[in-house]
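Below is one structure, written out as structure tokens, with a few remarks after it.
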Amino acid sequence: MWLILLVLLAGAGFWGWKQWQSRHQRETAEADIEQQLGAIDQRIEALRRDQRAQGQRLQQADATNRVVRDELLGIGQRAALVEDTVNKLSDPDRHGAQALRLDETELLLTMAQQRLAIAGDLDGARRAYVLAGQVLDGVDDPAYLSLRQTLQQERAGLDALGSEPRVQAMAELDAFAREVSAAPQQPATTVPAQAPWWRRAFGSLIDVRPSDRAVAVQPADRIAAVAGLQLEISLARAAAERRDDEGFRAALGRADGWLTRLSPESPELQRQRARLKSIAARPLSLTIPTLGSTLQQLRQLRAAH
């Protein structure tokens, strides 16, 4: 019994030792597997970091490539501009004295057009066109022969204008103002010789006026009417200075009302009113359909060459 018991105890101990050894091996294998899994996770995380870094470097490289491509395009454009400039410099039409004469002609024509458009300086524009014609005469290229003809036609159109319309209107307005100022300040009381006998007999005692007219008779009323007329003439002169057609005509229309206030119906009044209307109908700005045609043709010729 004791021998059997000893054998059983030895078998139980051996089985327990085997179980402990297998469990220890499993635990060791599991620890190794966990350690390997941790190392794999670390490698995967490192690979992910490397992938993200590679993506960032690729994005930076792409941006750098775009910048380089834009710079290359800019260099190509600058090279094309340089080539175009070199071609233009090698062109005989833009070289030497001829190019200077054409530049001076273009400058003079531009100045003439601006003087007319901005300041209405007709005399200054004519002098600029004369100088432009003299400079253009020094260009021997037959391609600019038609340009000389266009310049002569435009100069003829300017010479045909006479004086500036605004200057003419202001001169006539000043003459009209002097005429009105020199007129007597009292209404005429002399009875015409062809008047009826009763009017010639009693004209110095009775003044007959139409009831539908309001002619100023009292000295204070006539002074106020004359002041109003002179004021409207001054307003019309100021409107003519700034080329305000509507203001010019409106001021002369009000001046016509003051004329009817100062004088009764008579041929002299009709003449003054007609003259005032003719002044109001005058233009204040130049109208030249061919203005700037020479400058435009010059630029087209230079662009074509």
Side-chain angles (χ1 to χ4, degrees), residues 1-115 117-119 139 141 143-144 147 242 244 291-305:
M1 291 296 291
W2 287 104
L3 182 60
I4 294 170
L5 182 62
L6 182 62
V7 170
L8 290 174
L9 289 173
F14 180 76
W15 182 81
W17 180 78
K18 284 291 186 180
Q19 291 294 326
W20 176 84
Q21 188 177 10
S22 63
R23 187 170 60 251
H24 178 70
Q25 291 177 355
R26 284 198 307 270
E27 290 177 355
T28 303
E30 290 177 357
D32 293 338
I33 290 172
E34 290 180 357
Q35 186 176 3
Q36 291 176 0
L37 289 175
I40 291 172
D41 290 338
Q42 291 178 359
R43 293 193 193 97
I44 292 174
E45 186 65 26
L47 289 174
R48 289 176 180 174
R49 288 196 299 269
D50 292 341
Q51 185 179 6
R52 287 194 294 268
Q54 290 291 338
Q56 293 178 356
R57 284 193 290 270
L58 287 175
Q59 291 178 356
Q60 293 176 357
D62 189 15
T64 304
N65 289 333
R66 286 197 297 268
V67 172
V68 172
R69 184 169 59 251
D70 294 339
E71 290 180 353
L72 288 175
L73 291 175
I75 292 173
Q77 293 176 356
R78 286 193 292 271
L81 292 175
V82 170
E83 184 179 359
D84 189 17
T85 304
V86 171
N87 291 332
K88 289 182 178 179
L89 291 175
S90 62
D91 190 355
D93 290 337
R94 296 187 56 87
H95 182 70
Q98 180 170 322
L100 293 176
R101 291 192 182 96
L102 292 176
D103 290 337
E104 186 177 359
T105 303
E106 184 175 356
L107 177 61
L108 289 171
L109 293 175
T110 303
M111 290 175 58
Q113 187 173 356
Q114 291 176 352
R115 292 293 297 176
I118 298 175
V139 178
D141 193 346
Y144 296 97
L147 184 65
R242 61 178 183 272
D244 184 6
L291 181 62
S293 58
T294 306
L295 179 60
Q296 182 179 2
Q297 184 178 355
L298 175 60
R299 289 173 177 173
Q300 291 176 353
L301 288 174
R302 300 192 72 180
H305 286 75

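Bear in mind that the values here come from a model prediction, so they are computed numbers and not experimental data.
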Checklist entry - Please walk me through it: do Leu109 and Gln113 pass side-chain contact (heavy atoms from CB on, under 4.5 Å)? => result CA-CA 6 Å; Leu109 293 175; Gln113 187 173 356; over 6 Å; no

To the nearest 0.5 angstrom, please state how far the [atom1] atom of [X] sits from the [atom2] atom of [Y].
X      : Y      : atom1 : atom2 : value
Ile44  : Leu37  : CD1   : CG    : 9.0 Å
Leu147 : Leu295 : CG    : CG    : 9.5 Å
Thr105 : Arg101 : OG1   : CZ    : 9.0 Å

Item to check | Pairwise side-chain hydrogen bond (donor to acceptor under 3.5 Å, both in side chains) hits with a residue in residues 31-51, at least two apart | outcome: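 Checked against side-chain hydrogen bond (donor to acceptor under 3.5 Å, both in side chains) - neighbours excluded - no pair reaches residues 31-51.
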
Next on the checklist: Per the salt bridge (Lys or Arg N to Asp or Glu O under 4.0 Å) rule, what does the pair list look like for residues 54-78, sequence neighbours excluded?
Outcome noted: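 For residues 54-78, and leaving out neighbouring residues, the salt bridge (Lys or Arg N to Asp or Glu O under 4.0 Å) pairs sorted by first residue read Asp62-Arg66.
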
Item to check | Worked check of side-chain contact (heavy atoms from CB on, under 4.5 Å) between Glu106 and Leu102 | outcome: CA-CA 6 Å; Glu106 184 175 356; Leu102 292 176; over 6 Å; no

Next on the checklist: For a side-chain contact (heavy atoms from CB on, under 4.5 Å) check, start with the C-alpha distance between Thr110 and Arg299, then their side-chain angles and the critical distance, and finish with the verdict.
Outcome noted: CA-CA 11 Å; Thr110 303; Arg299 289 173 177 173; 3.6 Å; yes

